[in-house]
Amino acid sequence: MQDLRSIMVGLSVAFAAGWAMPAGAQGLSMPDGCEVYATVQNRDCTVMQLYTCEADPDGYQQSMTFGPDGLEFVSVIDSEAQWIRSFSPFSGAIDELDSDNADPASFTELLETGEDTYDFTQTSPQLGTRRYTGVDQLTGRKVTIDGVELEETAYRMRTYDAEGNEVYRAEGHEFISRDWRRFFAGTGTLTTPQDTFDEDGRPANFAFPGEAGFMSTNPEYGCGAILSRASVHRN
């Protein structure tokens with residue numbers, strides 16, 4: 001597989017419209033104006049860099065997810081935790097949130113009422129338009145990892161292609177951070193027309209500036225048990 005620098009050179013045109021990208025996979029450095037605020041080791045053999053960029057609109061934040069073979073996923077969310085834009089190097093797919101949606105996801109509504117339904121579409125030059133419908137609900141359970149308080153959610157989601165065919169369905173539990181206004185993976189089941197996958201992407205460790213493991217791109221948890229991974233990310 002290509003290293004991150006090679007991938008980024010090949011995609012420089014696609015990301016010219018304001019998407020900040022890292023300079024290299026090892027000894028990770030960020031573009032001017034972008035700052036990592038936390039590195040998250042997950043139980044599914046991935047590690048995430050959470051960061052903000054001065055050039056982004058207020059409330060936006062970005063993340064990069066690395067697996068054992070390098071960069072797996074890049075995403076941008078807004079203050080409502082909407083999936084504004086995402087990129088998967090493995091598939092080459094770039095997805096962007098459509099502007100006119102029946103029921104946009106709302107982190108504010110989830111916090112204020114304990115439940116948020118959504119019905120929105122994303123469009124990709126590679127995959128076409130996909131529709132996402134579902135619900136997130138706070139369960140009332142909390143967990144603290146490395147000083148970061150997370151609240152558990154229960155979720156159900158269905159994804160459809162432009163013709164209305166179900167692409168996959170997913171349900172399980174995730175976590176949110178009120179302070180960071182974002183979701184973190186949890187445990188769940190993803191079902192496609194061909195197969196079913198059990199997932200456990202729970203955060204295992206948080207590293208902050210000055211701490212060991214901060215800005216590491218090497219996953220540390222669950223790698224021995226990973227035989228395959230479904231290419232679905234929420235944030």
Side-chain angles (χ1 to χ4, degrees), residues 1-12 14-15 19-53 61-77 83 85-95 143-150 172 174-177 179-180 182-188 190 197-235:
M1 180 178 176
Q2 293 174 294
D3 64 21
L4 184 56
R5 184 181 298 276
S6 298
I7 293 172
M8 291 308 105
V9 170
L11 291 168
S12 59
F15 287 99
W19 200 325
M21 302 304 297
Q26 302 301 321
L28 183 66
S29 61
M30 302 299 294
D32 290 343
C34 295
E35 183 175 1
V36 176
Y37 64 84
T39 297
V40 189
Q41 291 281 351
N42 301 313
R43 296 180 184 273
D44 59 355
C45 195
T46 62
V47 55
M48 296 173 60
Q49 313 296 331
L50 308 182
Y51 60 102
T52 58
C53 296
Q61 52 182 306
Q62 305 194 33
S63 67
M64 295 178 288
T65 300
F66 294 86
D69 295 320
L71 185 67
E72 290 190 352
F73 194 67
V74 184
S75 74
V76 178
I77 61 173
W83 308 345
R85 191 183 309 118
S86 63
F87 165 65
S88 171
F90 291 157
S91 67
I94 300 171
D95 291 280
V143 61
T144 300
I145 303 172
D146 293 330
V148 179
E149 183 178 84
L150 303 176
E174 294 184 320
F175 299 94
I176 64 163
S177 165
D179 292 340
W180 295 341
R182 69 173 306 123
F183 284 83
F184 293 90
T187 57
L190 184 144
F197 304 88
D198 291 324
E199 303 180 307
D200 183 358
R202 292 174 294 166
N205 173 269
F206 288 87
F208 301 98
E211 296 182 349
F214 181 65
M215 293 183 69
S216 169
T217 59
N218 299 313
E220 299 177 359
Y221 295 86
C223 297
I226 297 297
L227 299 179
S228 63
R229 176 162 37 245
S231 57
V232 175
H233 296 256
R234 292 206 64 188
N235 293 112

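In this text, all values refer to a predicted model and were calculated from it rather than measured experimentally.
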Go through the steps to decide whether M48 and F73 satisfy the test side chain to side chain contact (heavy atoms under 4.5 Å, CB included), and finish with yes or no. CA-CA 9 Å; M48 296 173 60; F73 194 67; over 6 Å; no
Measure from the side-chain N and O atoms of N205 to the backbone N and O of Q41, and report whether any donor-acceptor pair falls under 3.5 Å. no
Does a side-chain heavy-atom distance below 4.5 Å link F208 with V148? yes
Between L50 and F184, is the side chain to side chain contact (heavy atoms under 4.5 Å, CB included) condition met? List the steps. CA-CA 11 Å; L50 308 182; F184 293 90; 3.9 Å; yes
Could you give the distance from CG (N218) to CG (L28), rounded to the nearest 0.5 Å? 10.5 Å
Side chains of D44 and T46, donor plus acceptor under 3.5 Å: yes
Among S88, S86, S63, whose side-chain hydrogen bond (donor to acceptor under 3.5 Å, both in side chains) with S75 holds? S63
Distance, nearest 0.5 Å, that separates OG1 of T144 from CG of L150: 7.5 Å
Could you pull out the closest heavy-atom pair between E72 and P89, with the gap in Å? O-CD, 3.1 Å
For M30 and M215, work out which heavy atoms get closest and say how close. CG-CE, 4.0 Å
Looking at every heavy atom in both A212 and A207, which two are closest together, and how far apart are they? O-CB, 3.6 Å
Is the shortest heavy-atom distance from the side chain of Y37 to the side chain of E35 under 4.5 Å? no
Quick one, D200 with Y221, criterion side chain to side chain contact (heavy atoms under 4.5 Å, CB included). Give me CA distance, side-chain angles, the key distance, then yes/no. CA-CA 11 Å; D200 183 358; Y221 295 86; over 6 Å; no
Side-chain heavy atoms of F175 within contact of V143, under 4.5 Å: yes
What one should report as the nearest heavy-atom pair of P219 and V47 is N-CG1, 3.8 Å
If you round to the nearest 0.5 Å, how far is CD1 of I77 from CH2 of W83? 11.0 Å
Run the side chain to side chain contact (heavy atoms under 4.5 Å, CB included) check on T187 and R202 step by step: do they pass? CA-CA 7 Å; T187 57; R202 292 174 294 166; 3.8 Å; yes
Looking at side-chain heavy atoms only, is the closest gap between Y51 and M64 below 4.5 Å? yes
Minimal non-hydrogen separation, A204 against R43, with atom names: CB-CG, 4.0 Å
Give a yes or no answer on whether the side chain of Q61 reaches the backbone of W180 with a donor-acceptor pair at less than 3.5 Å. yes
Between E220 and C45 (side chain of the first, backbone of the second, donor and acceptor by atom type, cut-off under 3.5 Å), is there such a pair? no
